[in-house]
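Single-structure report; data block below.
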Amino acid sequence: MFGLMQKQSLLISHLIEFAERHHGDGEVVSRRVEGDIHRYTWADVARRSRQVANTLDAAKLAFSDRVATLAWNGYRHLELYFGVSGSGRVLHTINPRLHPDQIAWIANHAEDQVLCFDMTFLPIIQAIHSKCNTIQQWVAMCDGDKLPADTGIPNLVSYEAWIGKQSSDYQWPSFDENSASSMCYTSGTTGNPKAALYSHRSTILHAYAAALPDVMGISARDAILPVVPMFHVNAWGIPYSAALTGAKLVFPGSGMDGKSIYELIEGEGVTYAAGVPTVWQMLLTHMKSNGLKFSSLNRTVIGGSACPPAMIQTFMDDYGVEVLHAWGMTELSPLGTLCTLKNKHLKLSEPEQMKIRLKQGRAIFGVDMKIVDDAGKDLPHDGKAYGDLLVKGPWVVAEYFKGEGGSPLVKDSHGVEWFPTGDVATIDTDGYMQITDRSKDVIKSGGEWISSIDIENIAVAHPSVLMAACIGVKHPKWDERPIVAVVKKPDAHVSREELLGFYEGKTAKWQIPDDVVFVDSIPIGATGKMLKTKLREQLKDYVLPNL
Ligand code: AMP
């Protein structure tokens, strides 16, 4: 017997229809590439998304055709989120920080038909347009009068001219909720990038879950600044959850430096911000050196890589901002866990609570997770045993676009399929997951594992250290030993010996790195994470002391 409830597909167009009808006057504010501030409402987003949809119909794009973007966080990008997916096409967000050849490769692999780009990226488009075989229309996301006459790019039109002639009347189509809605290629540190292909259903379920109080806790009372880019895993789904809840959205455009972010937070009364640790490091450095405080910000979600304890402490103690540590992946749309306390933790002392906040958090309903040993056997959730982290759920990939790389899933002893995350983690009795490492970054010393994240966290707790990356170096006796590459804060002085001494009492003696290597910078990848593969290459001639 079936239930007798209405069968309505979960579609992205419903989000924007809902936003227009129920909080149409909610604000969406963007710092534009030109530098000025653009301000309009959710009703305007809805109206212009329908113009985008009409434009794609007029261009005769078929259902599921890909429309790519190479763009910062901004209002036109938001209109494409709803107009492209809502009309049944697939929004393909491309990371502009990738090498131009890789961008061309990705556009060809996805068979993009249209590519919309911010003017910042005009030089990239000029370099790659002749290599992109499937793109019929290039769209510069600017006003008509801002489009230079002689770009050398055929079939180029300004975004405003492209959608401007179209009606804002549009009946959003209804279709199967499992239809593809958007796609994002993984960073591809090894081999060619592979794409996660999200569906309307997975996106809506993720948007619901992301808004929950113990997840991102997004509400109509928030003004949210997603510093996390719309070109990487849909800005953690914030554009969708904001439409669903009626939150005000504040987009930073290309201004990711500490000063620009701070000004936007203060100017727009931002209550809530989301980003990777490297961005927050820049913000905190700017605030500290200028003696600034926040007047509205009260929460921030930090994820994408491990958030150093020192950063959580600074946000909370110096600025009164609650940090929510999050873990996720491109393959998970991206949210997997968020760290919030339970009722029973409220009576704990601050240091006890801090021990919990440092973990990556509890699984969100919709993501099931477990840890297994090398043989695939389940490990206990006791906070001590660590193993490969497996996940499953309706917003976790089943396979990559075009079946690239074969099935990524593994079967457990009950025949249930799981996605292996490539992360090594513990899960405690309360369900809090803690990432020990990326499986390929763990340091294996004398048959024991050393967490590179733990070593880095201790280093960045030192007042003179800006950034730290720990890698394993070959050792004849121990197999591998950890060393830590350190970037000092401007004008800070700290010696190798002092830093090594700083580890005393903070970790087991055998886990203390064998050496500190001072470097000017640590290579950062396209999604703001440290590129340890590159660091290992840079230090390939390094020899451990006392060998
Ligand atoms: P990506 O798909 O490029 O977003 O990368 C996902 C990977 O980033 C995960 O598998 C983790 O290795 C890492 N990651 C994301 N969030 C965290 C976090 N809070 N702590 C540690 N690692 C993280």
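One-based numbering, in listed order, for ligands and for the atoms of each. What's counted below: heavy atoms across the whole structure, side chains too, no hydrogens, waters or symmetry copies.
- Considering each of T330, I453, I435, T436, the one bringing a non-hydrogen atom nearest atom 2 (O) of ligand 1 is T330.
- Residue I302 places no N or O, backbone or side chain, under 3.5 Å from any N or O of ligand 1.
- Of all the heavy atoms of R438, the ones lying under 4.0 Å from any atom of ligand 1 belong exclusively to the side chain.
- For K474, the side-chain hydrogen bond (donor to acceptor under 3.5 Å, both in side chains) criterion is met by no residue, not counting sequence neighbours.
- Not less than 6.0 angstrom separates the ring centroid of Y198 from the ring centroid of H206.
- A salt bridge is defined here as a Lys NZ or Arg NE, NH1 or NH2 lying under 4.0 Å from an Asp or Glu carboxylate O, and K370 with D378 meets this definition.
- At a threshold of 4.0 Å, the pair D454-K506 does not count as salt-bridged, since none of the basic side-chain nitrogens sits closer than that to a carboxylate oxygen.
- Of the heavy atoms in A306, both backbone and side-chain atoms come closer than 4.0 Å to ligand 1.
- Counting atoms of ligand 1 from 1 in the listed order, those under 4.0 Å from a heavy atom of H232 are 1 (P), 3 (O), 4 (O).
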Worked check of side-chain hydrogen bond (donor to acceptor under 3.5 Å, both in side chains) between E331 and Y400: CA-CA 9 Å; E331 286 88 342; Y400 292 101; 2.6 Å; yes

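- Ligand 1 lies nowhere less than 4.0 angstrom from a heavy atom belonging to P334.
- For the residues A425, G304, A196, the heavy atom positioned nearest atom 14 (N) of ligand 1 is part of G304.
- With ring centers used as reference points, H92 lies 6.0 Å or more from F401.
- Atom numbering of ligand 1 starts at 1 in the shown order; those under 4.0 Å from a heavy atom of Q360 are 18 (C), 19 (N), 20 (N), 21 (C).
- The minimum heavy-atom distance linking Y272 with L297 is given by the pair N-CD1, 3.6 Å.
- Using 4.0 Å as the threshold, S305 has a heavy atom nearer than that to some atom of ligand 1.
- Contact analysis leaves T186 out of contact with ligand 1, as no non-hydrogen atom separation drops below 4.0 angstrom.
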